[in-house]
Amino acid sequence: MSQYEVQNFAVIGAGNMGSGIAQKIATEGFPVLLVDLDDDKVENGLQTIRTLLEQGVERKIFRPQQAEAILGRIEGTSDWQRLADVDMVIEAVFEDLDVKRLVFQRLSDVTRADCILATNTSSFFVREVAEVTPNPERVLGLHYFFHPAKNRLVEVIAHDGTDPAAYAAAWAAQEALGKTPIDSADAPGFVVNRYFVPWLNEAVRLLEEGVADIATIDWAAKKAFDIGMGPFELMNVTGVPIAMHAATTLGHQLHPFYLPAARLQEQVNVHQVNWDLSGDADQSKYDQIADRLLGVVFYIAAQLVDEGVSTVEDSDIGARVGLRWSQGPFQLINQVGAARARLLAEAITTRWELPLPKLLADAGDAGIPIHLVALGDRPPLKSVWINRPDAMNALNPAVTDQLASALDMALAEAEHGVVLGGSGKAFIAGADIKFFVDHLRADTFAQIQEFTERGQQLLGRIGAATQPVVARVQGLALGGGAETALACDWIVASPKASLGFPETGIGIYPGLGGTQRLPRRIGLPLAKYLVYSGQILGARQAQQIGLVDEVVPFGDLDAACATAAQRGKAPARSAPVTCAHADWQPLWDFFEQYSVDQILSGEADPCGVTVLEKAVKKMGHKSYNALKQAERLFDEGAALQLDAALKLELRDLAEVFAHADALEGLSALIEGRRPSFQSPALT
Ligand SMILES: NC(=O)c1ccc[n+]([C@@H]2O[C@H](COP(=O)([O-])OP(=O)(O)OC[C@H]3O[C@@H](n4cnc5c(N)ncnc54)[C@H](O)[C@@H]3O)[C@@H](O)[C@H]2O)c1
C-alpha cells in the first residue's frame, strides 16, 4: 500500500477555482475543508457553491437531498490547524508567486508528512513553489480548468523532485474524483494553455493585420475546429485580460512569438471592454484564417512532444476534454494530411524564425500515429491501457485491433502478468454504438459481424494466455466493457466501479461472451437477471455475487491487481449451482424458475417482493426479441463447453441485428430518447 492514501481533501482559496474544486470533491463523495484568509472569504466561497447547487437542483441535475449531502461534506474554515489530518491539499490562491510560496511554507508546518501538497498554478513552475518547502517530494501540480466542477480535464505535473508514489496517488485521487488526468512536464503553460493561448492570440493578430474582422475570424475558427465558440467570444466569456496575461507570461518564458498581439494589449489597457462580436462573416476569408489558426496549433502541439512536455495522445485528450474540440491537434494534423500540416506550421515557424518541430518534419504520408491503447508498466505487471477517456474508452474496430496487438506484446514480455485498464471515468463503457448504427443504416452488417468476431478472438486470447490478466475496473464497465472484464482472470474494482449489461434495452444481446462467461461466473439465474433487466451493479453488489473478485480504494488498485496476478491464471469456471449470497436468493429462485414468456405474461408472480417487481418492470421496457434471443443463448450454451457456447453468440448475431428492434434501440440511445420496441405476441 502506498504511504500516500487520499481519503479526504482540503482546498486553500475559496475563489472561482477553489470553490469549484471543493464542490467537485464533495460531489464525488469525499469530505473537504475549504480554507481562505478569513471567515467572510470562506463564506463567499460556500455561498458560490450553494448557488450553483441550487441551480443544479432547479435544472434537476441533483435532488435537493443530494445537494444537501454535498454541502454537508464541505466544511469552511479559516483555521489552518484543521489541516493537521488532511491527506491532500489543493492550493488555489491568487496567482502570485510570493503568496503561493508563503502558503506552501505554512502548509508544510501544519500538515502531516504524508499529506500531498498540490498547486493549481497556471503560470509558475511547480518547482518554484516546491523549493520553499522542506519536503518538496510531496509537492506537485494539479492544473484544473474552469469550471472545475464541470470541466473534467486536469493536468498532473511532477517537478524534478516529486516522489513518484505521491504522483501516482494524486493521479489515482483525480480518477476517484471522476477527473480525466493527463500528464504534463513542469513547463510553461503545461499542455493545453501552451497551444490554446497562442490560438487566441493568433486570432487577434489576424484582426490586427486586417485579414478579417472579428465576426469572420470567429466564424472561420468555429468551422475549422468544429467548436461552439470562436476565440473572441471565448475571450469575452473567460476574460480578455486573462488571455493577455497568459500570453505575456508565455512570451517571457518561451519566445516573442507567444507575446500578446498589440491589438490584444490595446483592448485590455485602452478600450477595457469585451470584443464586439457583431457583423456578418465574410466566407471568402475562410482558408486564410483556418490555415493560420491550424498552423499555430500544429506547430505548438508538435513542439510539446519534441520537448517531452506531453504526448501525442495526452495533447489530443487535453483538447477534446478540456477545450471540447471535437478533434485534438494530432487528429487534425492527420485529417489535413501531414504534408499540408507541415506547410501550415512552417508558415508560422518561418515567420518567427523558430525551428520546425522534428515530429512534423519527419512525419510521413501515414501521418502521426495516435495510440488509442498504450502499452506500459505498472510494476510488477505489464499494463495495457485504453486511452480514449472522452469516448469512455468505447470499443470500436480501431480500439479492438490496437488492444489485440498491445495485449499480445504485453503477454509476450510479462513476467508476472498483465493489468488491463482504462483512463478517465470509465473502464470501458461498451461498444461504440454509432459504429453499429452507421453499419445498420448502410446495410453493411458484415462489418458488425467481423468486429464482433475479432472482439471474441481478442477476449479468447486472454483466456488462452499463460500469464494472468487482471481487469482494473475503476469506473463504468458496461456491455462490451463488462464482457472484457469477465474474460480476464481476475476483476479488481474500485468502490466507484459499476458493471452491467444494458444490451437488451437497445435491442440486441451481449455478443462478447456476456451470455456465456457471466453464467459461468455468477450462476445462470443471476446472469439472466442481469441481462434481462439491464440492472447496473455497484462494485460491492457485484462482489457479493462473485462478479468482481475484490473491491479496494482507488489508491490501492494497482497493488491489489499485482496481488491478484500472484494467484496466477484463474481456473476454468463452471457455473455455480447455488446462490452466493442470501440477499440474492429471491432473484436466483425467480429467474431459475421462470422463462421470459412466463415473466412477461404475468404467469410468474413476484409475490410483492420489491426487487422482483422492479426486475419484471424493467424487463417490460426491453426488446422482447432481444430477451428471447438472450434466453435461447443462455439455455443452449449452458450445456456446452465455453468455446462452443461462445460461438452461439456469433451464430445468432445476424438475426438479432436484422430485427427492427436493433436499429430502433441503438438509434434511440444515440438520440437520447426511449426506444419504441415491437410488442411481444404473448398469449
Ligand atoms: N480562473 C481560471 O480559469 C483558472 C484556471 C486554472 C488555474 N487557475 C489558477 O487558480 C488559482 C486561483 O484562481 P481563481 O481564479 O480562483 O482566483 P480568485 O481570485 O477567484 O480566488 C483566490 C482566492 O484565494 C484566496 N487567498 C488569497 N491568498 C490566500 C492565502 N494566503 N490563504 C488562503 N486564501 C488565500 C483569496 O481570498 C481568494 O478567495 C490561481 O493560481 C489561478 O492562476 C485559474
Side-chain angles (χ1 to χ4, degrees), residues 189 192-240 242-244 246-247 250 257-268 271 273-303 315-316 318-352 354 360 367:
V192 171
N193 281 348
R194 175 84 172 262
Y195 55 78
F196 176 62
V197 172
W199 179 82
L200 298 174
N201 200 25
E202 199 67 11
V204 185
R205 285 205 185 110
L206 286 163
L207 174 72
E208 185 176 291
E209 291 166 20
V211 174
D213 59 18
I214 290 176
T216 304
I217 298 169
D218 263 9
W219 165 80
K222 286 200 283 193
K223 186 170 167 202
F225 290 83
D226 189 17
I227 44 177
M229 275 192 228
F232 288 97
E233 191 179 355
L234 269 169
M235 281 188 268
N236 282 356
V237 172
T238 53
V240 186
I242 289 182
M244 187 191 81
L250 286 177
F257 157 67
Y258 292 89
L259 283 173
R263 183 69 184 76
L264 177 53
Q265 299 184 52
E266 183 189 316
Q267 191 72 10
V268 175
H271 307 307
V273 288
N274 275 348
W275 300 104
D276 177 1
L277 307 176
S278 62
D280 294 323
D282 173 355
Q283 304 200 357
S284 68
K285 303 279 176 63
Y286 175 76
D287 285 342
Q288 253 179 303
I289 299 165
D291 287 358
R292 280 275 292 276
L293 295 178
L294 287 167
V296 162
V297 170
F298 293 169
Y299 157 61
I300 299 171
Q303 182 65 25
S315 303
D316 273 5
R320 292 198 308 261
V321 177
L323 304 177
R324 302 202 173 89
W325 291 4
S326 57
Q327 299 201 83
F330 292 97
Q331 290 175 307
L332 287 166
I333 287 175
N334 290 345
Q335 182 178 296
V336 306
R340 187 165 152 65
R342 186 160 43 236
L343 279 180
L344 299 184
E346 231 162 8
I348 305 293
T349 53
T350 308
R351 179 172 174 182
W352 290 92
L354 288 158
L360 268 181

Minimum heavy-atom separation for [X] and [Y], please, with both atom names.
{"X": "Ala341", "Y": "Ile333", "answer": "CB-CG2, 3.7 Å"}
{"X": "Asn334", "Y": "Gly367", "answer": "OD1-CA, 3.3 Å"}
{"X": "Gly228", "Y": "Lys222", "answer": "O-CD, 3.3 Å"}
{"X": "Arg342", "Y": "Leu360", "answer": "NH1-O, 2.7 Å"}
{"X": "Val197", "Y": "Ala243", "answer": "CG1-O, 4.1 Å"}
{"X": "Pro231", "Y": "Ala203", "answer": "CG-CB, 3.4 Å"}

Point to revise | With Glu209, the salt bridge (Lys or Arg N to Asp or Glu O under 4.0 Å) member among Arg292, Lys285, Arg263 | key: Arg292
Within-4.5 Å side-chain heavy-atom neighbours: [X] and [Y]:
{"X": "Leu206", "Y": "Thr216", "result": "no"}
{"X": "Pro329", "Y": "Asp316", "result": "yes"}
{"X": "Asp282", "Y": "Asp213", "result": "no"}
{"X": "Val240", "Y": "Trp275", "result": "yes"}
{"X": "Phe257", "Y": "Val296", "result": "yes"}
{"X": "Gln331", "Y": "Arg320", "result": "yes"}
{"X": "Phe298", "Y": "Val336", "result": "yes"}
{"X": "Tyr286", "Y": "Gln283", "result": "no"}

Exercise for review: Mind telling me whether Trp325 and Trp199 have parallel, tilted or perpendicular rings, with 30° and 60° as the class edges?
Suggested key: tilted
Rounded at 0.5 Å granularity, tell me how far [atom1] in [X] sits from [atom2] in [Y].
{"X": "Ile289", "Y": "Ile217", "atom1": "CD1", "atom2": "CD1", "value": "5.5 Å"}
{"X": "Phe196", "Y": "Leu250", "atom1": "CZ", "atom2": "CG", "value": "12.0 Å"}
{"X": "Asp287", "Y": "Leu294", "atom1": "CG", "atom2": "CG", "value": "10.5 Å"}
{"X": "Leu200", "Y": "Leu264", "atom1": "CG", "atom2": "CG", "value": "8.5 Å"}
{"X": "His271", "Y": "Asp276", "atom1": "NE2", "atom2": "CG", "value": "11.5 Å"}

Report yes or no: does [X] contribute a side-chain atom to a donor-acceptor pair with the main-chain N or O of [Y] at less than 3.5 Å?
{"X": "Asn201", "Y": "Leu259", "answer": "yes"}
{"X": "Asp218", "Y": "Phe232", "answer": "yes"}
{"X": "Tyr299", "Y": "Leu354", "answer": "no"}
{"X": "Glu233", "Y": "Leu277", "answer": "no"}
{"X": "Asp226", "Y": "Gln327", "answer": "no"}

Review point. Would Gln303 and Arg194 count as having a side-chain donor-acceptor pair, cut-off 3.5 Å?
Key: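 No, no side-chain donor-acceptor pair sits under 3.5 Å.
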Exercise for review: Take Leu323 and Phe225 through the test side chain to side chain contact (heavy atoms under 4.5 Å, CB included) and record every step on the way to the result.
Suggested key: CA-CA 11 Å; Leu323 304 177; Phe225 290 83; over 6 Å; no
Review point. Quick one: do Arg205 and Glu202 make a salt bridge, cutoff under 4.0 Å?
Key: yes
Practice item. Apply side chain to side chain contact (heavy atoms under 4.5 Å, CB included) to the pair Gln267 and Val204, showing each step before the final yes or no. Key: CA-CA 10 Å; Gln267 191 72 10; Val204 185; over 6 Å; no
